[in-house]
Amino acid sequence: MDNRPIGVFDSGLGGITAVRELMRVMPTQPIIYFGDTGRVPYGGRSRETIVRYTRQDIRFLLTFDLKLIVAACGTMSANALDIVANEVDIPIVGVVESSVRRAIEETKNGRIGVIGTTATIKSGAYERLISALAPDAQVFSAACPLFVPLVENGRYSAGDVAVEAIASDYLKPLAQRDIDTLILGCTHYPLLRDVISGVMGPCVKLVDAGEACAVNAASLLRREDMLCDENSRGGCRFFVSDDPGNFSSIASVFLGCSVSDEIEQVDISSY
Ligand code: DGL
């Protein structure tokens, strides 16, 4: 048993897709969330900058006594975790391995799509791991750079003209590749699930990177006998690096409860 909190972080709102699943599978587990809303999006930045931001995000989280960190961000998982995870003495679970393993389990025809930010797709991290774990699989990937800014601005609903047009432009070429499984390789993308599914069609199974890494984190804690006891209070404290207003309204809708009282602002540049 270990009642210490889990730290979860992302460049912005996307990591709430992991938080929702963590709360579902481990309701008594306390969570500390950091979203770098002052510097989002990370996905158009250089690897060097992404590594620097990741170090700062983790340094902030480590001001708490944590038992595990979840890097609920495809961009940081793909570009920085190989370097930064070795600098920290608690386990860090990222999204790449979790979602690749899920996609390999799900695919029937061995044709897997991956979408993510520009930095994620450029890193080739998903493709490399799929080829290593399933050498016969074929991978088709596409960067969707405008998805994160749209979600951060609350533009993610099916029927929103701008989102529908951009999704169709990014995804139509993938929809013609006969893939049966699509990894949403950025944790913001599950908020666009209905829009993405509308373009890809009902036969394409969507793998939610946020959900997959949450399930992976829970199994690691179970294996290591580090789950919380059932009397622990759970709950999530949120920290952001810019005005909490926008984060608060979207996170409250997505998580199905008001989080406005649990959000604090931090100056991430000082970490
Ligand atoms: N949620 C982040 C990811 O999974 C978004 C990255 C960004 O800020 O561009 O990649």
Side-chain angles (χ1 to χ4, degrees), residues 7-22 33-58 61 69-82 84 92-100 102-103 113-127 129 141-156 163 166 170 182-193 196 206-214 216-217 238-242 246-247 250-251 254-255 268:
V8 180
F9 71 107
D10 178 45
S11 57
L13 271 162
I16 59 171
T17 57
V19 168
R20 183 165 78 171
E21 186 63 13
L22 286 168
Y33 183 89
F34 174 68
D36 195 2
T37 53
R39 301 191 296 201
V40 70
Y42 285 12
R45 300 184 192 272
S46 67
R47 184 159 199 242
E48 195 186 23
T49 302
I50 295 167
V51 170
R52 182 158 53 84
Y53 286 180
T54 306
R55 281 201 177 102
Q56 288 182 306
D57 299 349
I58 290 176
L61 282 177
I69 290 178
V70 177
C73 174
T75 305
M76 289 190 265
S77 300
N79 286 279
L81 272 202
D82 55 339
V84 177
I92 303 193
V93 173
V95 303
V96 177
E97 187 174 342
S98 315
S99 37
V100 163
R102 175 79 64 84
V114 180
I115 54 174
T117 65
T118 303
T120 296
I121 299 305
K122 210 166 121 195
S123 76
Y126 280 97
E127 292 85 340
L129 192 59
S141 51
C144 304
L146 291 175
F147 278 177
V148 170
L150 283 165
V151 170
E152 289 285 328
N153 283 285
R155 305 287 298 268
Y156 52 81
V163 175
I166 289 164
Y170 286 154
L182 177 64
I183 298 178
L184 309 183
C186 166
T187 52
H188 281 70
Y189 296 0
L191 282 93
L192 293 160
R193 175 177 276 276
I196 294 171
L206 305 183
V207 174
D208 174 336
E211 192 232 301
C213 74
N216 200 8
F238 295 92
F239 295 85
V240 292
S241 54
D242 202 355
N246 190 44
F247 182 94
I250 299 177
F254 188 75
L255 295 173
I268 194 63

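Remember, predicted model here, so these are calculated numbers, not experimental data. Just so you know, ligand 1 is whichever comes first in the structure, and atom 1 is the first atom listed for that ligand. Positions are given from 1 along the sequence.
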d(T117 OG1, F147 CZ) to nearest 0.5 Å is 12.0 Å
Mark yes or no for whether S241, through its side chain, and T37, through its backbone, hold a donor-acceptor pair below 3.5 Å. yes
Hey, does the side chain of T187 reach the backbone of T17 with a donor-acceptor pair shorter than 3.5 angstrom?
no
Exercise for review: Using a strict cut-off of less than 4.0 Å between a Lys/Arg side-chain nitrogen and an Asp/Glu carboxylate oxygen, indicate whether R39 and D57 qualify as a salt bridge.
Suggested key: yes
Which bit of [X] gets closer than 4.0 Å to ligand 1, counting heavy atoms only: side chain, backbone, both or neither?
| X | value |
| --- | --- |
| V148 | side chain |
| S11 | side chain |
| T187 | both |

From the list T120, I183, L192, I196, side chain to side chain contact (heavy atoms under 4.5 Å, CB included) partner of I115 resolves to I196
The residue among F239, F247, F9 that forms ring-ring contact (aromatic ring centres under 6.0 Å, His included) with Y33 is F247
Residue set satisfying side-chain contact (heavy atoms from CB on, under 4.5 Å) with R52, at least two apart, ordered chain then number -> T49
Is there at least one pair of N or O atoms, one from [X] and one from ligand 1, spaced under 3.5 Å apart?
| X | result |
| --- | --- |
| G43 | yes |
| A72 | no |
| T117 | no |
| T120 | no |

Please write down residue, atom name and distance for the protein heavy atom closest to [atom].
| atom | result |
| --- | --- |
| atom 10 (O) of ligand 1 | T75 OG1, 2.6 Å |
| atom 4 (O) of ligand 1 | G74 N, 2.6 Å |
| atom 2 (C) of ligand 1 | D10 OD1, 3.2 Å |
| atom 7 (C) of ligand 1 | Y42 N, 3.1 Å |

Exercise for review: For Y156 and F254, run ring pair (Phe, Tyr, Trp, His ring centres under 6.0 Å): C-alpha distance rounded to whole Å, both residues' side-chain angles, the deciding distance at 0.1 Å, then the answer.
Suggested key: CA-CA 11 Å; Y156 52 81; F254 188 75; 8.1 Å; no
Under 4.0 Å from one or more heavy atoms of V40, ligand 1 contributes atoms 8 (O)
One finds that the ligand 1 atoms under 4.0 Å from a non-hydrogen atom of C73 are 2 (C), 3 (C), 4 (O), 10 (O)
*asked:* Please verify the inter-ring angle class for Y53 with Y42; under 30° counts as parallel, over 60° as perpendicular, anything in between as tilted.
replied: tilted
Heavy-atom contact under 4.0 Å between G12 and ligand 1? no
